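Worksheet: the structure to be examined is printed underneath.
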Amino acid sequence: MSDDIEKIFSFYASGSSIFVRKDFLQSSYIPAELPHREGQVKQLAQMLAPSLRLEKPSNIFVYGKPGTGKTAVTLFVGAHLNKTAQEKGIPIKFLYINTGLKKVADTEYRLYAYICRMLGDFVPDTGIPTHTVFERMLHLLESNPAMYLVVLDEIDVLIDKSPDTLYTLSRINSELKNSKLSIIGITNNVNAINSLDSRTKSSLSEEELLFPPYDANQLCDILKERSDACFSPGVLDDSVVMLCAASAAREHGDARRALELLRISAELAERETSLKVLKKHVNTAIGKLYTDKVHTFLKTLPDHQKMVLKSIIELDKPMAYTREIYDKYVETVSKAGLKELTMRRVLDILAEFEAEGIVRTNVISRGRYGRTKIVEFATVDNIKEQVEKLLVNL
DNA sequence: AGTCCACAGGAAGGCTTGGTTA
DNA sequence: TAACCAAGCCTTCCTGTGGACT
Ligand SMILES: Nc1ncnc2c1ncn2[C@@H]1O[C@H](COP(=O)(O)OP(=O)(O)O)[C@@H](O)[C@H]1O
């Protein structure tokens, strides 16, 4: 027993563990090379280059599936642009904003507030009117004359929640004398932009940049590039890298997933004090990646959401109509001594589950017997069992 | 050929929480 | 202190609709 413990400690202490620089695998880290994205880097650089002459670049719309390097390429080009601008004393401000992060910049107020804060002003989270924050932002932009390049990552969230904001922002240059502002919108969802009014739409997509999915070989190159400086020599075989790449390639060529798989596999290997990352570690990681995601989602679920899930489980059918689910839910809720929510609300809760990949739904018509929606658990990774397990103590 | 079910899902607005400012 | 403010959660009210049935 104590032998084992010593083995673990000495293994860590010797420094000969699996990782050399684990942070290189973190998704926030931007590598110096982006294999298979040379074209996009070059195109984006060309689109943004006019800013170095203080000419306003076109607004750019960047799209492609998740994990295809959109954010990485944009930040990469932005960093280089910043560097050049600084060296030559050109006033360019490259502002990266993720509008998809909840409670950060996902509403009109929060977006303006976020920009104000990046420009050095303090703005409270709430309490003051939105238009006041907007005016403060305008004032900051004007009193710090520059060419502003504003990246709106996951812009589809803003398109959905607050199209007016984008309309305002796309026309902001008419209110600016000393500064100019260009928008780079990034999204996983090409169709998102179509729900905007046509003026905003064409304004935001003056130029477009497409990121196609990576194939398995490309992912392999990316992983190798990233892992070179990351692992101790001899720890990682090509076959292991290939396995990660192949798995991620099946999930719309997602480089983020590939990197996470590799990291989790290596962490598993490290925990077992294995000297190499093995295929079995990858296979475990494939399961864990998904389980962990579902697990954190379910754990923090409010009561009513849990009751809805519980009701679906208790119906014990491969598929259920929303009406059945709701009736069961009302029963479940009253047993627990709570007041039930309306059907309308439960419908929205089900939609949230669908967005999280917990259930799949389908609207059908039963003709004479009206329209309804069919709900079933998503088939991947025995979600149903996971949900069941987490709800036992309810 | 037309009816009409039973629900989907949009719109608007209320209530609550946690904040500001004068 | 009173008067505002943003946003999340939820209800109320409502319009729209695919297709079995007549
Ligand atoms: N060509 C590449 N070379 C190295 N790493 C990459 C490459 N493309 C993507 N990545 C990495 O994959 C992860 C996800 O990429 P990201 O740019 O965030 O995808 P997207 O924004 O398209 O969803 C990041 O950690 C990123 O650094």
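Here is the naming used below: chain letters follow the sequence lines, and residue numbers restart at 1 for every chain. Owing to the predicted nature of the structure, the values given are computational and were not obtained by experimental measurement.
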Exercise for review: Would you kindly give the CD1-to-P distance between A:I128 and B:dA22, to the nearest whole Å?
Suggested key: 10 Å
Check your understanding: In whole angstroms, how far is the P atom of C:dG19 from the CZ atom of A:R371?
Key -> 9 Å
Point to revise | Pair A:E267 + A:R263, salt bridge at N-O below 4.0 Å | key: yes
Review point. Between A:D327 and A:R323, is there a salt bridge with N-O shorter than 4.0 Å?
Key: yes
**Study point:** Donor-acceptor contact below 3.5 Å, side chain A:E340 vs main chain A:S334
**Key:** no
Practice item. Using atom NZ of A:K373 as one end and atom P of C:dT17 as the other, report the distance to the nearest whole Å. Key: 16 Å
Point to revise | Length of the line joining A:Y109:OH and C:dC4:C1', which is rounded to integer Å | key: 12 Å
Review point. Under 4.0 Å between a side-chain N or O of A:K339 and OP1 or OP2 of C:dC10?
Key: no
Check your understanding: Between atom CG in A:L111 and atom C1' in C:dA7, what is the gap in whole Å?
Key -> 15 Å
Exercise for review: For C:dC10, take OP1 and OP2 only and decide whether either is under 4.0 Å from a side-chain N or O of A:R345.
Suggested key: yes
Study note, to complete from the structure: When rounded to whole Å, the CD1 to P distance for the pair A:I374 and B:dA6 reads 16 Å
Check your understanding: Counting only side-chain N and O atoms of A:Y369, is one of them less than 4.0 Å from OP1 or OP2 of C:dG19?
Key -> no
Check your understanding: OP1 or OP2 of C:dA6 sitting under 4.0 Å from any side-chain N/O of A:T130?
Key -> yes
Review point. If you take atom types as modelled and just measure distance, does the side chain of A:R344 reach the base of B:dG10 with a donor-acceptor pair under 3.5 Å?
Key: yes
Practice item. Check whether any side-chain nitrogen or oxygen of A:T322 sits under 4.0 Å from OP1 or OP2 of B:dA8, and answer yes or no. Key: yes
Revision key, fill the gap. Separation of C:dC9 atom P from A:L341 atom CG, nearest Å, is 12 Å
**Study point:** A:T126 side chain near B:dT20 phosphate (N/O to OP1/OP2, under 4.0 Å)
**Key:** no
**Study point:** Any donor-acceptor N or O pair under 3.5 Å, side chains A:S182, A:K56
**Key:** yes
Exercise for review: Could you check whether A:T132 gets within reach of a base, just the sugar-phosphate, or nothing at all, counting any heavy atom under 4.0 Å?
Suggested key: nothing
**Study point:** Between A:N189 and A:Y63: side-chain donor-acceptor atoms closer than 3.5 Å
**Key:** no
Check your understanding: Just to confirm, is there a sub-4.0 Å distance from OP1 or OP2 of C:dG8 to any side-chain nitrogen or oxygen of A:R110?
Key -> yes
Exercise for review: Rounded off to whole Å, could you give me the NE2-to-P distance for the A:H131 and B:dT20 pair?
Suggested key: 17 Å
